[in-house]
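Some notes on the structure that comes next.
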There are 2 protein chains.
Amino acid sequence: MKLSVRGEYALRALIVLGLDYIEGDSVVRIHEISTRQNIPKRFLEQILNDLKSAGVLESKRGIAGGYRLKRAPENITLAEVIRHIEGPLAPVSCVSERFYEKCSCPNEDKCAIRSVMKEVRDAIVKILEDVTVAQMCERVKKLQGTQANPLDYII
Amino acid sequence: MKLSVRGEYALRALIVLGLDYIEGDSVVRIHEISTRQNIPKRFLEQILNDLKSAGVLESKRGIAGGYRLKRAPENITLAEVIRHIEGPLAPVSCVSERFYEKCSCPNEDKCAIRSVMKEVRDAIVKILEDVTVAQMCERVKKLQGTQANPLDYII
DNA sequence: AAAAATGTCGATTGATATAGTAGAGATTAA
DNA sequence: TTAATCTCTACTATATCAATCGACATTTTT
């Protein structure tokens with residue numbers, strides 16, 4: 001699958017936004033996410049905007065602007081996010097459900113590689129479709145204890 | 001993980017060589033593998049040579065030359081092959097056992113993404129470390145019936 | 001109305017990886 | 001000696017990735 005840096009940044013940003021998520025209109029600035037997660041700001045801009053167009057985030061402009069989750073973190077799976085940012089989860093596109101592409105092998109239906117890669121795909125999808133942003137936030141809390149860890153911030 | 005074309009070609013070639021594998025000195029020409037599997041010949045040359053230096057294949061030069069498996073197909077796992085051709089199986093190198101690299105997140109030990117990606121890595125590795133070239137050949141036979149399928153060859 | 005802090009959008013860049021090609025050489029069997 | 005093979009190194013074209021930039025739009029505060 002090989003997650004790109006872009007995809008990793010997306011997930012890191014979503015954790016920040018997930019931890020911040022409260023019903024209400026609270027919003028987090030790009031700059032804050034960038035600083036807390038050590039992500040180049042201009043690059044992060046693109047990514048957040050992309051997640052907005054995916055319907056994962058919403059934004060507020062102007063001086064008190066920023067981003068927040070558009071949906072509850074329980075309803076955002078890693079699979080959805082990664083698919084939107086990176087494309088197929090499958091190791092080869094000839095076994096991808098949503099991004100299928102014919103491959104160059106002589107007979108796709110009877111291809112042994114394909115059958116193995118389908119297993120790999122299923123294993124990946126099973127995990128990534130199960131894990132939500134909310135669960136990632138849980139893990140963060142469990143791993144770090146309930147109070148914010150100073151190391152989470154760049155000084 | 002995103003298998004590259006190079007990696008896929010390597011596996012396709014290994015299936016041909018696995019099916020051909022008999023104790024003895026029988027050898028398959030690059031040209032034949034290239035034709036049967038629809039792989040650019042000069043590109044395949046590199047790949048087979050690479051698998052040779054990995055200790056997976058051996059070769060014979062000269063007019064009756066070609067390649068064959070150096071070890072029994074039961075002892076060659078897909079994990080080994082892909083790792084040699086492509087590098088890490090893990091989606092991010094900060095969870096790779098053999099190709100570990102530090103990532104840019106603020107605190108790697110307490111990183112939630114890392115913990116998910118570790119699960120993904122384990123799932124991938126479990127499959128790919130289990131499946132051998134011999135098993136791939138079994139699957140081919142099962143999928144195609146015991147006699148060679150004409151579609152296997154480019155006419 | 002103006003200023004300042006934010007998000008928005010499209011283009012550009014530099015580095016690296018990928019897929020493939022090319023040429024000259026070494027080895028072996030007939 | 002010839003012809004068919006593998007071997008080795010280099011090259012190239014294209015795509016992708018990570019990041020940067022500039023100009024613009026929106027909103028709040030003063």
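Numbered from 1 within each chain, the chains take letters A, B, ... in sequence-line order. Predicted model, so just to flag it, every value in this text is computed and none were measured.
- For the pair A/Ile124 and A/Arg121, the minimum side-chain heavy-atom distance is 4.5 Å or more.
- D/dT12 atom P lies 16 Å from atom CZ of B/Arg42, rounded to whole Å.
- The residue B/Lys2 sits apart from the nucleic acid: no heavy atom pair falls under 4.0 Å.
- Atom CD1 of A/Ile63 is separated from atom P of D/dT30 by 8 Å (rounded to the nearest Å).
- Of the listed nucleotides (D/dT7, D/dT20, D/dA19), D/dA19 has the atom at the smallest distance from the side chain of A/Val5.
- In the hydrophobic cluster analysis, where Ile, Leu, Val, Met, Phe, Trp and Tyr join through side-chain heavy atoms closer than 4.5 angstrom, A/Leu48 is grouped apart from A/Val27.
- One can place CD1 of B/Ile33 at 19 Å from P of D/dA4, the figure rounded to the nearest angstrom.
- At the phosphate of D/dC17, neither OP1 nor OP2 sits under 4.0 Å from any side-chain N or O atom of A/Tyr9.
- The A/Phe43 side chain lies nearest to D/dA18 when the options are D/dT28, D/dA18, D/dA4.
- Nucleic acid contact for A/Leu48: none, since no nucleic acid atom lies under 4.0 Å from a heavy atom of the residue.
- Inter-residue side-chain proximity for B/Met136 and B/Leu14 is flagged as unmet; no heavy-atom pair is nearer than 4.5 Å.
- Pairing each heavy atom of A/Cys94 with each of A/Glu108, the nearest pair is CB-OE1, 3.9 Å.
- Here the P atom of nucleotide D/dT16 and the CD atom of A/Glu86 are 13 Å apart, to the nearest Å.
- Rounding to whole angstrom units, CZ of residue A/Arg6 and P of D/dT16 are separated by 13 Å.
- The nearest whole Å value for the distance from the CD1 atom in A/Ile47 to the P atom in D/dC17 is 12 Å.
- Distances shorter than 4.0 Å separate some side-chain N or O of B/Ser59 from OP1 or OP2 on D/dT7.
- Residue B/Gly62 is in base contact, counting any heavy-atom pair closer than 4.0 Å across all strands shown.
- Of all non-hydrogen atoms in B/Ala10 and B/Leu51, the two that sit nearest each other are CB-CD1, 4.1 Å.
- Using a 4.5 Å heavy-atom cutoff, the side chains of A/Leu3 and A/Glu86 are in contact.
- We find that CD1 of A/Ile39 is positioned 13 Å from C1' of D/dA19, with the value rounded to whole Å.
- Among the protein residues, A/Lys41 comes within range of no part of the nucleic acid, since none of its heavy atoms lies under 4.0 Å from any strand.
- Nucleotides of DNA chain C with any atom under 4.0 Å from a heavy atom of chain B span, from 5' to 3', C/dA19 to C/dA29.
- Across all non-hydrogen atoms, the minimal contact from B/Lys141 to B/Leu19 is CE-CD2, 3.9 Å.
- Where B/Gln46 and B/Asn49 meet DNA chain D, the nucleotide closest to each residue was compared, and B/Asn49 sits on the side nearer the 5' end.
- In this structure, CZ of B/Arg68 is placed 15 Å from C1' of D/dT5, rounded to the nearest angstrom.
- Checked against salt bridge (charged side-chain N to carboxylate O under 4.0 Å, His left out), A/Arg42 has the following partners two or more places apart in sequence or in another chain: A/Glu45.
- In terms of position on DNA chain D, the residue among A/Glu45 and A/Leu3 whose nearest nucleotide sits closer to the 5' end is A/Leu3.
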